[in-house]
Amino acid sequence: MVAPMNQPDTRPEKPDDLAHEPASGSLSARARAAVAPQLPYLSGLNPEQRAAVEATEGPVLVLAGAGTGKTRVLTTRIAHLIATGRAQPHQILAVTFTNKAAREMRERVTSVIGPVAEGMQWLGTFHSIGTKILRRHAELVGLRSDFTILGTDDQLRLMKQVIEAEGIDEKRWPARQLASLIDGWKNRGLGPNQIPAGEAGAFASGRGGKLYTAYQDRLKTLNAVDFGDLLLECLRLWREHPDILEQYQNRFRYMLVDEYQDTNVAQYLWLRLLAQARKNLCCVGDDDQSIYGWRGAEVDNILRFEHDFSGAVVIRLERNYRSTAHILSAASVLISKNQSRLGKTLRTEDEPGEKVTITGAWDSEDEARLIGEEIEALHAKKHSLAEIAILVRISAQMREIEDRLVTLGVPYRVIGGPRFYERAEIRDALAYLRVVNQPADDLAFERIVNVPKRGLGDATIQVLHNHARAARVPLVEAARFIVETDELKPKPRSTLRDLLTSFGRWSKLSETMTQSEVAQTVLEESGYTDMWQKDKSADAAGRLENLKELVRSMEEFPDLQSFLEHVSLVMEANESDTTERVSLMTLHAAKGLEFDTVFLPGWEEGLFPNQRALDESGRAGLEEERRLAHVGLTRARRRAKIFFASNRRIHGLWNSTIPSRFVDDLPEADVEVVEAPANFSYGGTSRFDRMAPFSGSSYQTPGWQRAQAHRSTTDDGGYSARRSGDRRGPMMIEGELVAKSTGAASSFKAGGRVLHSKFGPGTIEAVDGNKLTVEFDKAGRKMVLDSFVDAMG
């Protein structure tokens, strides 16, 4: 029998393996006296926050919008439960999503009620708490208490062994793909015997389920678990041993969960089992910030809370303490377009502040230039660089922004990952190109000689090193000698000979191809691109996009040597850690952070919302993308600046792009359209074509009207494809981008004669910034940068 919910349960618990912990019951009179002076902590809360703290009994859902003080509510609620004697610290289960959040929560509770908070033994992440429970009952799930938790590398190695033991071709059915499947099943709480037949048959011609079983058996033999098992085995423990479940149900008088919108099915089932007895479950989250569906998070967990936990109280925190009124209004109207949400409207008592700005750029390079100029202008006004963030949808967008910041000398850091040129796939690609450019580059050759896997392992490399040192020659030259001897076995010798032949061929390609075409050929013929195409991990698609961006970026340089020199200079531009820096990151990595000024580039259809998300998930994918836009806007305290480009390289091809539908979702009263590119529409359609002074839009801002007027009156001067009827785009010449304008004025004039090292002599037809449209005597019309031509007498 369970005590009434409005009374603390002071019955002694059944003796069990937890008996060594302090006995349950309310705090002693001495403890209550110690914390009583701290009770005024409630006075600093607004009415909604206080209601969330004091609604202690029964299921409670706190819908906490961005910047509404959810962390304060969580920590104050824990302090309140302890201070009022409703529970001792060890009787409270508090679950966070990161170890950092757990540490901060413990520190905050301690600051409110003192050292008594150190007794919170069950505050941590799902995985850390699951580990603690499993170690206490390991033998009941076929493990020993000293079991090992495998990392990703060990997990993949074990899966490869399982695949090979079944006689399956690992190249055809890679371990990463199996790992992704099994991780997805575990996130949904499914053991090997619970997999739907259709899903089990999706891998290795119907053997996915069998491999899952073999993998789990192998884990038990090794006395090991992976991260998914830390919850899955808990679920099995509790289902097969109800008495153990009852012990934990009785122990945890109150349960609190942070970021509930990010829970997956296994985490939901884990919590639901624990909450069945006392039902004192408080979940804090924001359905409008559920952005991790791609890694298993299930937004329906928070949407159906009232249905799953009958009698639940829902409290909405809508008073924002972070952003200005214009930013909040824009974000609220944007997210209101989603259908699957519980609904709330953020508000603030702060001043209206600056409107959200929308700026159009000609292309992504122009976009990076505009962002760089605005950052310089803000910094000149003493704006802290540490309070500026640039949030992109995909990491491939970072390259041009990083290059621009380096050019301007603006220090920056990439949050949540390495800088563009430091990413593993970029370093690999650059290593190939370094060897093509300079065969004596031993470090580069050694990095990629066996990437992708070619059977040229450590033994082969050691033979090469031995000969190279003895003959005092580079590794490539040593390899040329080795392949003509019997030092290596026939198979690696043949493989190495083929690789050397390929490098020789690639080195000659620069005579007939551009450096970007050479790079594309090298990545394809080496098998490197194919390696990532076959990789089924979640980040493989992003790596492929980064490689395409790398190839695209090379077009701006006259040759491979100058490009590699540029990369070296960029890599050297690494200020000390104490330097104030601009933060650059993806929108996903920005969740939980806040900055005075936030730049949001790339708001275009296909990029944001991301086309892959729309194709794979339909309306659900669109709504998650819109939630991501909402998260981006609400990171800003004072300024939110949205950018879109009218031309962007997508999947290796230049495309005319149109502004994101999310731009259309923004309310006129809170938005100022600052600038739009001249002639940004050249045959394609854009929703901005319908904007003021055209019909179909409520935007009537002066900035937008000026931009539209400029659009209709700008002299084509060879800049617009409309003049010649070429609908491929104003910078496309025979399908090839020759030059892009940086906006700087040129000293050349129309009618002047110039000489180009590649195209020969020609006459300038038009000048736009530092970009010239030239009718060459033999090569025809081309668009080139003025730095690539010399004036003729």
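What you are looking at is a predicted structure, and each value in this text was computed from that prediction instead of being measured. Along the sequence shown, residues are numbered consecutively beginning with 1.
- Using modelled atom types, one finds no donor on one side chain facing an acceptor on the other under 3.5 Å when comparing Q462 with D458.
- Annotation for A102 and L123: closest pair O-CD2, 3.3 Å, computed over non-hydrogen atoms.
- Of all heavy-atom pairs spanning G455 and T460, the tightest one is O-OG1, 4.4 Å.
- Atom CZ of R207 has more than 12 heavy atoms from other residues, nucleotides or ligands within 6.0 Å.
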Output, in order, the C-alpha distance, side-chain angles, deciding distance and verdict of side chain to side chain contact (heavy atoms under 4.5 Å, CB included) for L158 and Q155. CA-CA 5 Å; L158 184 57; Q155 183 182 355; 5.9 Å; no
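- Rounded to the nearest 0.5 Å, atoms CG (L488) and CD1 (I482) are 6.0 Å apart.
- The CG atom of L245 sits 11.5 Å away from atom NE2 of H241, with the distance rounded to the nearest 0.5 Å.
- Between Q194 and G189, the shortest heavy-atom contact is OE1-O, 3.5 Å.
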Go through it in stages, so that I can follow the logic: the residues are I133 and W238, the test is side chain to side chain contact (heavy atoms under 4.5 Å, CB included), and I'd like the CA-CA distance, side-chain angles, deciding distance and then a yes or no. CA-CA 11 Å; I133 292 172; W238 289 339; 3.7 Å; yes
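- Looking at Q397, its side chain does come within 3.5 Å of a backbone N or O of I394 through a donor-acceptor pair.
- Shown are V225, L230, D229; of these, the side-chain contact (heavy atoms from CB on, under 4.5 Å) with F227 is made only by L230.
- Atom CZ of R144 has 12 or fewer neighbouring heavy atoms from other residues, nucleotides or ligands inside a 6.0 Å radius.
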Can I168 and L211 be said to form a side chain to side chain contact (heavy atoms under 4.5 Å, CB included), step by step? CA-CA 10 Å; I168 297 170; L211 290 169; 3.8 Å; yes
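- The residues E623 and R626 are annotated as not salt-bridged, no charged nitrogen and carboxylate oxygen being separated by less than 4.0 angstrom.
- Checked by atom type and distance alone, the side chain of S180 never pairs as donor or acceptor with a backbone atom of R176 at under 3.5 Å.
- For S617 (side chain) and A620 (main-chain N/O), no donor-acceptor pair under 3.5 Å exists by modelled atom type.
- Proximity of V284 to L256: side-chain heavy atoms (C-beta onward) are nowhere separated by under 4.5 Å.
- Side-chain contact between H127 and I149: absent, with no pair of heavy atoms (C-beta onward) separated by less than 4.5 Å.
- Here the side chain of R341 pairs no donor or acceptor atom with the backbone of D288 at under 3.5 angstrom.
- Note on ring orientation: taking the six-membered ring where Trp is involved, the planes of W506 and Y432 are perpendicular (angle over 60°, cut-offs 30° and 60°).
- The pair E166-K210 counts as a salt bridge, with a side-chain nitrogen and a carboxylate oxygen less than 4.0 angstrom apart.
- Closest non-hydrogen pair, P609 versus E605, comes out as CD-OE2, 3.6 Å.
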Check against salt bridge (charged side-chain N to carboxylate O under 4.0 Å, His left out), R188 and E199: CA-CA 13 Å; R188 290 157 57 196; E199 294 186 32; 2.9 Å; yes
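- Not a single donor-acceptor pair under 3.5 Å links the side chain of S494 to the backbone N or O of K491.
- Judged by distance alone, with hydrogens and angles left aside, the side-chain atoms of E625 form a donor-acceptor pair with the main-chain N or O of N610 at under 3.5 Å.
- Note on E298 versus R304: no salt bridge recorded, every NZ/NE/NH1/NH2 to OD/OE distance being 4.0 Å or above.
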Just do the side-chain hydrogen bond (donor to acceptor under 3.5 Å, both in side chains) check on Q261 and E259 with the steps written out, would you? CA-CA 5 Å; Q261 78 280 352; E259 305 286 9; 2.7 Å; yes
What verdict does the side chain to side chain contact (heavy atoms under 4.5 Å, CB included) test give for R399 and Y421, after you've listed the backbone C-alpha separation in whole Å, the side-chain angles of each residue and the deciding distance to 0.1 Å? CA-CA 8 Å; R399 201 275 311 166; Y421 294 112; 3.2 Å; yes
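- The pair R612-D615 does not count as a salt bridge, with every side-chain nitrogen at least 4.0 angstrom from each carboxylate oxygen.
- Counted by atom type alone, Q247 and Q249 present zero donor-acceptor pairs between their side chains at under 3.5 Å.
- Remark: R423 does not engage E549 in a salt bridge, criterion side-chain N to carboxylate O under 4.0 Å.
- Looking at heavy atoms from C-beta onward, L271 lies in side-chain contact with F126 at the 4.5 angstrom threshold.
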Apply salt bridge (charged side-chain N to carboxylate O under 4.0 Å, His left out) to K220 and D217, showing your working. CA-CA 5 Å; K220 290 295 190 297; D217 290 344; over 6 Å; no
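- Of the possible donor and acceptor atoms, none in the side chain of N264 sits under 3.5 Å from a partner among the backbone N and O of A297.
- In the displayed structure, K100 atom NZ is contacted under 6.0 Å by at most 12 heavy atoms of other residues, nucleotides or ligands.
- Across every non-hydrogen atom of L456 and V449, the tightest pair is CD1-O, 3.5 Å.
- Here the CH2 atom belonging to W173 is positioned 12.5 Å from the NZ atom belonging to K534, to the nearest 0.5 angstrom.
- The CG atom of L143 sits 10.5 Å away from the CG atom of L237 when rounded to the nearest 0.5 Å.
- In this structure, F309 and F305 have tilted ring planes: the angle between them lies in the 30° to 60° band.
- Without hydrogens or angle criteria, R272 side chain to D308 main chain gives a donor-acceptor distance under 3.5 Å.
- Not a single salt bridge (charged side-chain N to carboxylate O under 4.0 Å, His left out) links R480 to another residue, sequence neighbours left out.
- Side-chain contact annotation: S128 with N99, donor-acceptor N/O pair under 3.5 Å absent.
- For the atom pair CG of N546 and OG of S395, the computed distance is 3.5 Å after rounding to the nearest 0.5 Å.
- Taking both residues in full, the closest heavy atoms of Q267 and D262 are given as OE1-O, 4.0 Å, listed atom of the first, atom of the second, then distance.
- The residues D535 and R543 are annotated as not salt-bridged, no charged nitrogen and carboxylate oxygen being separated by less than 4.0 angstrom.
- With values rounded to the nearest 0.5 angstrom, D169 atom CG is found 10.0 Å from E164 atom CD.
- K186 places no side-chain N or O within donor-acceptor distance of the main-chain N or O of D226, the cut-off being under 3.5 Å.
- If you look at Y268 and Y260, their ring centroids are not closer than 6.0 Å.
- For the pair R135 (side chain) and S145 (backbone), a donor-acceptor distance under 3.5 Å is present.
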